[in-house]
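What you see is a predicted model; the values in this text were computed from it and never measured.
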Amino acid sequence: MAAGTMALAAPSQAAAPAPAAQTLAGTHPDWAAPSADKGATPSNDQVTARVYLAGSNPAGLAAYAKAVSSPGSAQYGQFLKPAQVQQRFGATTTQIKAITAWAKGAGLSVVGSSPHYLDVHGDATAIDRAFGTRLHEYAVQGKLLQAPDSNAVIPASVASAILGVTGLSDTAPTMRAQDMPVGNTVLGAASETAGKPKPGLPAVATCSAYWGQKKVTGAPKGYTASTDFDPCSYSPAQLRKAYGVTASGLTGKGATVAIVDAYGSSTMLADADKFATNHGDKAFRKGQYSEVVTPKLWTQTGANDGCGGGPAGWAGEESLDVEMVHGLAPDANVVYVGANSCSDQDLMAALGTIVDKHLADVVSSSWSGLMHTTAGDEAPATVAAYEQIFEEGAAQGIGFDFAAGDCGNESPAAAATGSNCDSTSTEAQTGFPSADPWVTDVGGTAMGIKDASGTYGFETDMGTLRSALSANGKSWTPFPGTFYFGGGGGTSQDFAEPWYQGPVVPSKLAHTLMTGVASKTAQRVTPDVAMNGDLYTSVLVGMSDGNPYSEGGYGGTSVAAPEFSGIQADAIQARHGRAIGFANPSIYERANSADFHDVVNNTLGKGQQPLNAVADFGVISGSLRVRLVAFGRDYGLAATKGYDDATGVGSPDAAYLESFR
């Protein structure tokens, strides 16, 4: 036997090739151009890089996540516990030891770790040695920024164990908008006021309790001969009735929803309780609401530090998310997990905490960024690290809901007039992580109710044109209005069509990129579902965070995302507490059925005039503030019959919830 074994390695047989080193694409950012190079980084400068762990079986993780999420699969619903996911697919002790030895051999030390990454720290010389590149300084928009002068290279001994690396380069100023979640929230929709409008435009804020309730007098002619006052901001009770939750009797009991934003409001529980009781709902019971926040570790907290105004700027987003989930699923447990900043690294760490500890069944994230900006493309390491978390969550039965964005097709043209757009966008595109195939991308609609209680009337896509009342009150400027606000969506150039979309998404849509270029391969199209989020069919939110408590109207797909997470909590209760997990396969299985309202662009009359309303905010700072709004006018996207790139399969209704019983 020994002789036979030795014969297999005879000298005449060619030796197997040695494993090759691996180049990490995207670690040299586009903004680090030779023309901006100001020389090598000082050798003693200190740098911390994050090395994401590939795990022991990345392909197996993706396959298992798909199988347990797909109705009809033999493994459907056979979710794992966090320890089982780690044991089957996580990084092994051998892999971690190899990475640690490589880092230490280059002169770096390991200063932090989680099941997803190792943080390595050292001077610039050690970083250069470890990653086969040279750190240089680059002049970018008036700042001196650090980046490798070429893509990093890792040795073959650790290549299979490393998913990607971040932190080798600074963040360019124009990348803040991409890395900074836009929040998808705008304050300013009309709050409900008592009384009927007087002749002429009222000097106090005036709105309709339901669509078409109050006719406008004293305003210039708009799109139609007769116009109504914009609907008052909706309460949770109205939303529950409109989407069939009230009729179902479901309250989300037994389900847990996690909410991820940056930082944390100092008064969230008190505000949510006050808001609920103000509108006839129950406050959180003891233990129903919890938080995971670490204020001592918060960074980028200043008003101008690139994180949307710091903690104060995110307080409204958190209030909106918590109150929408509690409003749509009053008995669901809610855990708020606050990231230490709005950076991808910190938001990802918050998501990782939820997965590693299985803190929830559903995760609502009302933020997203862009893949392509004037500063370059999103780093492949960042995309891969997010996806690993989403796949691990799917394997455990955790679903992730993301807001689709508020700038239509996110093109520079949309950003020219849009109120919540990223001015660094280079082209029409979908968002990220919202368009990732492993998350549910929640788009927006504008919903009209039939009566004050919230009886469902109609929905159109979340897209508005806005005109202002002229100073003399005799015209609208400009008219027609310019694009102001619109739900995100479209065909992604970055992700291929996932298995669950093929039977539902029109082939032409999947093969036509947002730039108009035809794609030989079918691509991922978003959103997946949609719910009310238009700024002018806003929802009420209450908050204080150190200020006097107040309530106001909010709009955006950051309204829609937690609304849908609340609906999913109700659906879990309908399943007697059994998790749904990654929801997209079951969503598309129900497409084109009575489970969803098929949202289409609505128009009035034979002339196809847009739905429109007058938003009268009353006298503000001595001036009457009035706007004419046209609905169903998203930028570059349109709600059509069947699946579309503005509202996905549509919005859920009572039949959707009943289908889970």
Side-chain angles (χ1 to χ4, degrees), residues 189-192 207-213 228 230-252 275-276 279-281 320 323-330 332 364 401 442-462 487 527 529-541 553-571 573-574 590 593-602 611 613 631-632 639 646-660:
S191 297
E192 186 169 1
C207 56
S208 296
Y210 50 89
W211 188 269
Q213 181 206 20
D228 306 314
D230 193 50
C232 305
S233 299
Y234 296 140
S235 69
Q238 290 173 312
L239 295 171
R240 289 197 300 272
K241 182 168 183 179
Y243 286 114
V245 179
T246 302
S248 74
L250 298 169
T251 62
F275 178 76
H279 298 281
D281 290 337
L320 164 60
E323 290 166 11
M324 282 302 99
V325 169
H326 187 52
L328 271 295
S364 179
D401 302 328
V442 186
T445 70
M447 180 177 66
I449 57 176
K450 291 181 178 180
D451 53 44
S453 70
T455 301
Y456 183 89
F458 68 88
E459 284 174 284
T460 191
D461 72 32
M462 179 183 131
V529 295
M531 292 186 72
N532 180 65
D534 198 285
L535 178 59
Y536 289 96
T537 57
S538 61
V539 300
L540 275 174
V541 176
Y554 277 69
T557 53
S558 64
V559 172
E563 283 176 335
F564 187 69
S565 294
I567 291 290
Q568 291 299 89
D570 296 329
Q573 181 189 7
R590 292 167 168 79
S593 75
D595 291 350
F596 295 98
H597 302 288
D598 187 9
V599 180
V600 297
N601 282 355
N602 281 284
L611 293 175
F631 294 90
T647 62
V649 300
S651 66
D653 59 16
Y656 175 78
L657 291 170
E658 292 300 324
S659 71
F660 286 96

Provide the closest heavy-atom pair for T246 versus A237 in the form atom of the first, atom of the second, distance.
OG1-O, 4.4 Å

Does any non-hydrogen side-chain atom of F596 lie less than 4.5 Å from one of T647?
no

From D228 atom CG to S208 atom OG, the distance as rounded to the nearest 0.5 Å:
6.0 Å

V442 versus T557: any side-chain heavy-atom pair under 4.5 Å?
no

Please tell me if the side chains of M447 and L239 come closer than 4.5 Å, counting only heavy atoms from C-beta onward.
yes

Mind checking whether H279 and F275 have parallel, tilted or perpendicular rings, split at 30° and 60°?
tilted

Measuring only between side-chain heavy atoms, which start at C-beta, is I567 closer than 4.5 Å to M531?
yes

Closer than 3.5 angstrom, by distance alone: can the side chain of T445 be matched with the main-chain N or O of N532 as a donor-acceptor pair?
yes

Using a 4.5 Å cut-off on heavy atoms from C-beta on, say whether the side chain of F631 contacts that of D534.
yes

How close do D461 and A646 get, counting heavy atoms only, and between which atoms?
CB-CB, 4.0 Å

I449 and T455, any side-chain heavy atoms less than 4.5 Å apart:
no

Test item: Y456 side-chain N/O and G244 main-chain N/O as donor-acceptor pair under 3.5 Å
no

Are any side-chain N or O atoms of E323 and backbone N or O atoms of A276, one a donor and one an acceptor, separated by less than 3.5 Å?
no

Residue pair S659 / D595, side-chain heavy-atom distance below 4.5 Å
yes

Show your reasoning for whether side chain to side chain contact (heavy atoms under 4.5 Å, CB included) applies to L320 and V539.
CA-CA 9 Å; L320 164 60; V539 300; 4.0 Å; yes

Kindly give the heavy-atom pair with the smallest separation between W211 and P231, and that separation in Å.
CE3-CG, 3.6 Å

Any sub-3.5 Å donor-acceptor pair from D570's side-chain atoms to G252's backbone N or O?
yes

S538 and G553: which non-hydrogen atoms are nearest, and at how many Å?
OG-CA, 3.8 Å

As an exercise, state the distance from NE2 of H597 to OH of Y243, rounded to the nearest 0.5 Å.
7.0 Å

Please check if the side chain of T460 supplies one atom and the backbone of N602 the other of a donor-acceptor pair under 3.5 Å.
yes

Given R240 and D281, is the side chain to side chain contact (heavy atoms under 4.5 Å, CB included) satisfied, shown in steps?
CA-CA 11 Å; R240 289 197 300 272; D281 290 337; 2.8 Å; yes

Does any non-hydrogen side-chain atom of Q573 lie less than 4.5 Å from one of T251?
yes

